[in-house]
Amino acid sequence: MLENRRFVIIGAFLMVGVAYLMRLFYLQVLDESYSIESSSNSIKRIVEVPFRGQIYDRYGNLIVYNTPVYDLLVTPYKARIQDTLTFCNLLGIERHDFDSLMTAARSYSRFKPSLFLRQLSKEDFARIQDIMVDYPGFEFAKSSLRTYSSQTLANTLGYVSEISRGQLEKQESYYYRQGDYVGQNGIEKYYEEQLRGKRGIKFIMQNVSGVAKGSWKDGELDTLAVAGQNLYTGIDLEVQQYADSLMVNKVGSVVAIEPKTGQIIAMVSAPTYDPNILASRHFSKNYSELAANPYKPLFNRPVMASYRPGSTFKLIQALIALQEGVISPNTGFSHAGSPVKCHGHPGTGTVASAVRYSCNPYFYHVFRRLIYNNELNNTFKASAEGLELWNSHASKFGIGDRLGVDLPSEYKGNLPDAKYYDKIYGEKRWKFSNVYSLSIGEGELLITPLKMANVAAIIANRGYFYTPHVVSGIGEKNKPLPEYTVRHETGIDPRHFETIIPGMIGAVENGTVLGLARIDSIQIAGKTGTSQNRKGKDHSIFIAFAPAHDPKIAIAVFVENGGFGGSAAAPVANLLIERYLKRKTKNKALENYVLSKNYMPNVVLPNAPKKVVPKDSSGQKKETLPPLAKHQNQPAKRNEEPLASSGK
């Protein structure tokens with residue numbers, strides 16, 4: 001027994017010894033890391049940052065690309081500068097800038113290189129490259145500058161900037177380092193993992209003066225940087241730029257969607273700014289100016305702004321009521337008993353005519369009949385059950401929740417249910433008379449422009465939609481994320497859409513849309529809306545799709561303080577439909593009308609001097625234009641007298 005134990009103990013010691021020998025062999029012969037570390041004075045490890053993926057429009061036009069630049073890094077404990085003033089003149093910086101940059105570098109680390117000066121051009125690099133040998137502790141690193149082919153799509157694309165300390169600390173897997181660039185908004189942020197690529201590493205031999213002497217071991221241990229994947233979008237760059245021009249001097253949104261795929265054709269947040277100003281070394285200064293701008297150009301209105309949908313929501317009311325069988329295509333209502341008033345139009349004896357003329361009393365009665373379409377005798381219980389049924393239908397149109405667009409910070413909006421009103425009034429203490437404003441798209445309803453564009457796409461498709469998305473392909477065309485290929489059904493029978501679409505066509509051809517806004521040879525189905533605004537003039541809304549019987553584009557336009565949807569939003573939408581389908585603008589009269597309009601309200605900043613209104617020779621006040629967002633791309637144009645509108 002003792003003899004056996006002795007062999008076991010000896011065997012254990014032998015196994016431990018063999019393990020140590022194998023580990024020692026690996027570290028000294030196979031593993032190069034310790035060899036590199038021991039040679040740190042003569043071998044330099046250089047991390048190569050890959051180019052971010054480029055971004056294209058639906059026709060292959062380049063929207064975002066990379067321009068090679070150089071960053072200047074500093075290692076504080078190595079830095080030796082004999083004449084600071086000469087050094088500052090060489091780099092074109094002020095002395096106080098030098099002091100703050102060195103302080104920031106030391107606070108990060110005295111022994112690790114960190115960013116000193118970013119984005120030197122190739123010309124600047126060539127000018128100072130040789131001279132910088134006289135300044136130990138400074139070195140160059142190749143980098144790239146995000147560059148935009150057009151002054152458009154700023155909020156949709158987002159921007160790239162230096163990663164913050166908080167983001168560094170929160171990253172789940174160690175990838176980013178101090179000074180790295182990262183997507184901060186828009187699709188730059190949403191597709192960061194695909195766009196950023198994969199880093200490479202080079203090992204370079206250098207002499208005691210830090211002069212490179214070639215690759216170490218002929219590059220045997222080097223790894224190549226892999227560029228990020230390109231993104232292909234559904235954006236039509238020509239239509240996008242045209243939409244931007246039409247929204248100059250206006251606050252609001254444009255969202256255009258290809259109904260059969262959910263690809264976003266154009267997305268405007270007005271007022272906008274030139275995305276190149278957030279790609280320069282003056283990022284902080286430019287960002288601060290944009291953030292302080294009273295028109296909030298950094299606010300991405302298509303997915304973040306919320307409005308009452310107004311009369312555009314009547315389309316959903318009609319479809320739900322038709323599906324539930326509480327009305328038929330030929331149902332008519334009188335105006336009697338309605339607390340919401342009519343705005344004057346011919347009779348509405350059918351659903352189509354009610355849509356055409358946007359009759360408020362008609363949809364009040366439709367909503368009332370829908371809410372009380374149950375056998376409950378208690379009015380409060382009946383209202384709660386009816387509202388839950390209505391809510392379940394409306395939610396399938398994407399109302400009241402996030403659609404899942406490939407942009408950060410999408411607002412979910414509000415679609416009230418019974419629990420919502422229970423919190424306001426108390427359980428079983430509210431009824432239809434408390435919520436009837438929902439019938440005409442007012443009250444507690446809140447939607448985003450993106451959702452209303454999606455509603456237009458749903459009607460164009462006769463009952464289904466694909467989640468709206470900007471990027472239609474990752475790495476190659478027509479290869480979006482899987483969730484954007486899923487078809488979502490609303491549960492409304494397709495035949496009911498054929499009931500309301502003639503009314504939408506009638507609204508454009510001879511209804512609530514400004515007569516000038518018709519487009520020859522294109523049949524457009526549309527619906528106007530006026531969203532109540534407690535702080536000023538009402539907001540103008542218009543949703544549409546075309547051609548009506550073979551839809552290629554669905555669109556929503558919101559113009560804040562624009563008044564009736566038929567006179568402000570509809571002309572913008574119809575011009576964009578014409579440009580997308582015909583690739584030109586024939587209706588020049590309508591284009592001139594839109595370009596002449598200025599709906600931007602005066603904004604008074606805190607502590608700003610009072611506005612002085614000039615007077616002409618007769619003593620009458622002159623018309624003055626409100627201040628424009630600083631970074632808008634086109635000059636203001638003076639208002640002209642509005643053309644007559646045919647109704648709401």
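- Judged by distance alone, the side chains of Thr448 and Lys451 never bring a donor and an acceptor atom under 3.5 Å apart.
- Ring orientation note: the planes of Tyr484 and His469 are close to parallel, at an angle under 30° on the 30°/60° scale.
- The pair Lys419-Asp417 fails the salt-bridge criterion, with no side-chain N (NZ, NE, NH1 or NH2) lying under 4.0 Å from an Asp/Glu carboxylate O.
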| request: Apply side-chain contact (heavy atoms from CB on, under 4.5 Å) to Asn574 and Phe542, showing your working. | output: CA-CA 10 Å; Asn574 290 0; Phe542 184 67; 3.4 Å; yes

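- For the pair Asn378 (side chain) and Lys381 (backbone), a donor-acceptor distance under 3.5 Å is present.
- The backbone N or O of Thr348 lies less than 3.5 Å from no partner atom in the side chain of Arg356, so there is not a single donor-acceptor pair.
- Of all heavy-atom pairs between Pro259 and Asn461, the closest is O-ND2, 2.8 Å.
- When atom types are taken as modelled, the side chain of Asn300 and the backbone of Ser269 share no donor-acceptor pair closer than 3.5 angstrom.
- Side-chain atoms of Lys250 come within 3.5 Å of backbone N or O of Lys597 as a donor-acceptor pair.
- Tested against Asp236, the residues Gln241, Arg579, Arg583 include a single side-chain hydrogen bond (donor to acceptor under 3.5 Å, both in side chains) partner, Arg583.
- Counted by atom type alone, Lys582 and Ser521 present one or more donor-acceptor pairs between their side chains at under 3.5 Å.
- No side-chain donor from either of Gln317 and Tyr362 sits under 3.5 Å from a side-chain acceptor of the other.
- Under the 30°/60° scheme for interplanar angles, the aromatic rings of Trp390 and Phe367 are found to stand perpendicular.
- We find the CD1-CG distance between Ile555 and Leu575 to be 9.5 Å, quoted to the nearest 0.5 Å.
- Taking 4.0 Å as the cut-off between side-chain N and carboxylate O, Glu578 and Lys586 do not count as a salt-bridged pair.
- By the neighbour-count criterion of 12 heavy atoms within 6.0 Å, atom CD of Glu193 is sparsely surrounded, having that number or fewer from other residues, nucleotides or ligands.
- Taking the side chain as every heavy atom from C-beta outward, Ile505 and His549 approach each other to under 4.5 Å.
- The closest donor-acceptor contact from the side chain of Ser531 to the backbone of Pro309 lies at 3.5 Å or more, if one exists at all.
- Checked by atom type, the side-chain pair Tyr191/Gln229 shows no donor-acceptor distance below 3.5 Å.
- Taking 4.0 Å as the cut-off between side-chain N and carboxylate O, Glu498 and Arg495 do not count as a salt-bridged pair.
- Of the possible polar contacts, none joining the Asn414 side chain to the Leu446 backbone as a donor-acceptor pair under 3.5 Å is found.
- A side-chain donor from one of Thr585 and Tyr242 sits under 3.5 Å from a side-chain acceptor of the other.
- In the displayed structure, Asp550 atom CG is contacted under 6.0 Å by more than 12 heavy atoms of other residues, nucleotides or ligands.
- For His365 and Ser338, the side-chain atoms include no donor-acceptor pair closer than 3.5 Å.
- A donor-acceptor pair under 3.5 Å links the side-chain atoms of Gln240 to the main chain of Met267, judged by distance alone.
- For the pair Ser253 and Met247, the tightest heavy-atom approach, listed with the atom from each and the gap, is N-CE, 3.8 Å.
- Here the closest heavy-atom approach between residue Thr485 and residue Pro482 is recorded as OG1-O, 2.7 Å.
- Residues Pro468 and Leu450 are in side-chain contact: their nearest non-hydrogen atoms beyond the backbone lie under 4.5 Å apart.
- Under a 3.5 Å cut-off, the side chain of Thr312 and the backbone N or O of Thr528 do not form any donor-acceptor pair.
- Taking a cutoff of 4.0 Å between a charged side-chain nitrogen and a carboxylate oxygen, Lys260 and Glu258 do not qualify as a salt bridge.
- Asn373 places no side-chain N or O within 3.5 Å of a backbone atom of Arg369 that could act as its donor or acceptor partner.
- A cation-pi arrangement is absent between Arg462 and Phe497, since the terminal nitrogen or guanidinium carbon is not both under 6.0 Å from the aromatic centre and inside a 45° cone about the axis.
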| said: Using the rule given for side-chain contact (heavy atoms from CB on, under 4.5 Å), can you reason through Val303 versus Leu403, listing the C-alpha separation, both sets of side-chain angles and the distance that settles it, and then say yes or no? | reply: CA-CA 10 Å; Val303 298; Leu403 286 173; over 6 Å; no

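- Residues Phe558 and Met452 have side chains in contact (heavy-atom distance under 4.5 Å, counting atoms from C-beta outward).
- Looking at Asn185, its side chain never comes within 3.5 Å of a backbone N or O of Tyr159 through a donor-acceptor pair.
- Counted within 6.0 Å of CZ on Arg58, heavy atoms from surrounding residues, nucleotides or ligands total more than 12; the atom is thus considered enclosed.
- The CD1 atom of Ile55 lies 11.5 Å from the OH atom of Tyr232; values are rounded to the nearest 0.5 Å.
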